[in-house]
Number of protein chains: 2
Amino acid sequence: MTSVNDDSRVGAAHVGRLLGMALLRIRAEILATTSERFPGLRVSHYRLLELIPPDGARITDLAEIATMTKQGLGQHVDYLQRLGYTTSERLPEDRRVRLVRRTPLGDEALAYSQAAIARVEERWSRQLGPDRYESFRQTLRELGAD
Amino acid sequence: MTSVNDDSRVGAAHVGRLLGMALLRIRAEILATTSERFPGLRVSHYRLLELIPPDGARITDLAEIATMTKQGLGQHVDYLQRLGYTTSERLPEDRRVRLVRRTPLGDEALAYSQAAIARVEERWSRQLGPDRYESFRQTLRELGAD
DNA sequence: TATTGTTATACTCTATAACTATA
DNA sequence: TATAGTTATAGAGTATAACAATA
């Protein structure tokens, strides 16, 4: 009775579980290589830092890009701003709007997380060979765009 | 300023985002095809139903298989039991142990979610062709086992 | 003493509803 | 009135700590 289902083996796992395991690895790699240098930043914050263009963006636009509510996104922005990773200012021509920008510290944190992702991509590319890895990425792109 | 980063395009998305998008599709497909028939069951519950072998399992073992704490897993088991998808009984030979089993309703719900996953797999297999799809699955297996 | 499972509590992520300030 | 953003609240998922019952 303490045995597990056959499906719990990696070989028989369904595609949802396989995708989930791969995703967990990336998240773990990001945190492992950033958490000491940028304590308090979590994966969700790196995702938001990635979405901010160099000249800044409005909360409403970021929320749409992130497919989140502006309330939820605003909470992350407040958090990042408190820690010094973003700044924001009201637009003079429309003072309802808050333009959010990364600080230099935010740029640095983003570069770190992108380097972590790049390391995973390089490891996977070495493991599979560049052709198979590029083919894997291409498949993911097609499945995401269907 | 309302433009988005280049990386927000699917084509340039990093592998973490690509994996996340594919995973969201599967989760949405499971819920879309089960929520009417099994209201109250969420994706996390289907995952747990999958892990229970036909002859039952202990909470501690399920927690290990699921890589969750036994507290967290026990909460899901309580929920499923309240809705009639699982039952449990203390073992006579060790009354600390609760043996968790799926009910016939739990079997039915599990079959439904597995059918939903199978439909995604078939759709993806048609979309990519069976060879490319099997190669994609094989790559995911290798990345999950590294 | 060690193990199984529970209770209490908290954190993360995200959502909905109601609101304020500005246009 | 409409829009940008905020405040308040809640639910989903999961974690840690302290505990009770049993071995």
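First the proteins, then the strands, lettered A, B, ... as listed; each starts at 1.
A salt bridge between B/Arg58 and B/Glu64 is absent, with no side-chain N of the basic residue lying under 4.0 Å from a carboxylate O of the acidic one.
Taking for each of A/His45 and A/Lys70 the nucleotide of DNA chain C with the nearest heavy atom, the 5'-most of the two is the partner of A/His45.
For A/Arg47 and C/dT12, the CZ to C1' distance is 15 Å, given to the nearest whole Å. For B/Arg95 and D/dA20, the CZ to P distance is 18 Å, given to the nearest whole Å. One interatomic measurement links the two molecules: CZ of A/Arg42 to C1' of C/dT12, which rounds to 6 Å at whole-angstrom precision. Per the geometry, CG belonging to A/Leu99 stands 13 Å off C1' belonging to D/dA4, to the nearest Å. As a whole-Å value, the separation of A/Met68 CE from D/dA4 P is 17 Å. Residue B/Leu62 contributes atom CG, which lies 14 Å from atom P of D/dT14 at whole-angstrom precision. For the pair A/Ile59 CD1 and C/dT22 P, the interatomic distance rounds to 16 Å; values are reported in whole Å. Going from atom CZ of B/Arg27 over to atom C1' of C/dC13 covers 12 Å, rounded to whole Å.
Ring centroids of A/His45 and A/Tyr79 are separated by less than 6.0 Å, placing the two rings close together.
Contact between the side-chain N/O atoms of B/Thr60 and the OP1/OP2 oxygens of C/dG5 is found at a separation under 4.0 Å.
The side chain of B/Arg98 approaches C/dT6 more closely than any other nucleotide in the set D/dA4, C/dT4, C/dT6. Looking at the side chain of B/Val97, the nearest of the listed nucleotides C/dA23, D/dG5, C/dG5 is C/dG5. Closest to the side chain of B/Arg96, out of C/dA21, C/dC13, C/dT4, is C/dT4.
For B/Arg95, the CZ atom sits in a loose shell: 12 or fewer heavy atoms of surrounding residues, nucleotides or ligands are nearer than 6.0 Å.
Residue-level contact check: A/Thr69 touches the bases, meaning some heavy atom is under 4.0 Å from a base atom.
Less than 4.0 Å separates DNA chain C from at least one heavy atom of each of the following residues of residues 71-85 of chain A: A/Gln71, A/Gln75, A/His76.
Annotation: side chain of A/Leu110 is not in contact with side chain of A/Tyr85 (no heavy-atom distance under 4.5 Å).
Going from atom CH2 of A/Trp124 over to atom OG1 of B/Thr139 covers 11.0 Å, rounded to the nearest 0.5 Å.
Within the structure, salt bridge (charged side-chain N to carboxylate O under 4.0 Å, His left out) pairs that include any residue of residues 27-45 of chain B comprise B/Glu29-B/Arg119, B/Glu29-B/Arg123, B/Arg37-B/Glu108 (at least two apart or interchain).
Under the ring pair (Phe, Tyr, Trp, His ring centres under 6.0 Å) criterion, A/Phe136 pairs with B/Phe136, sequence neighbours left out.
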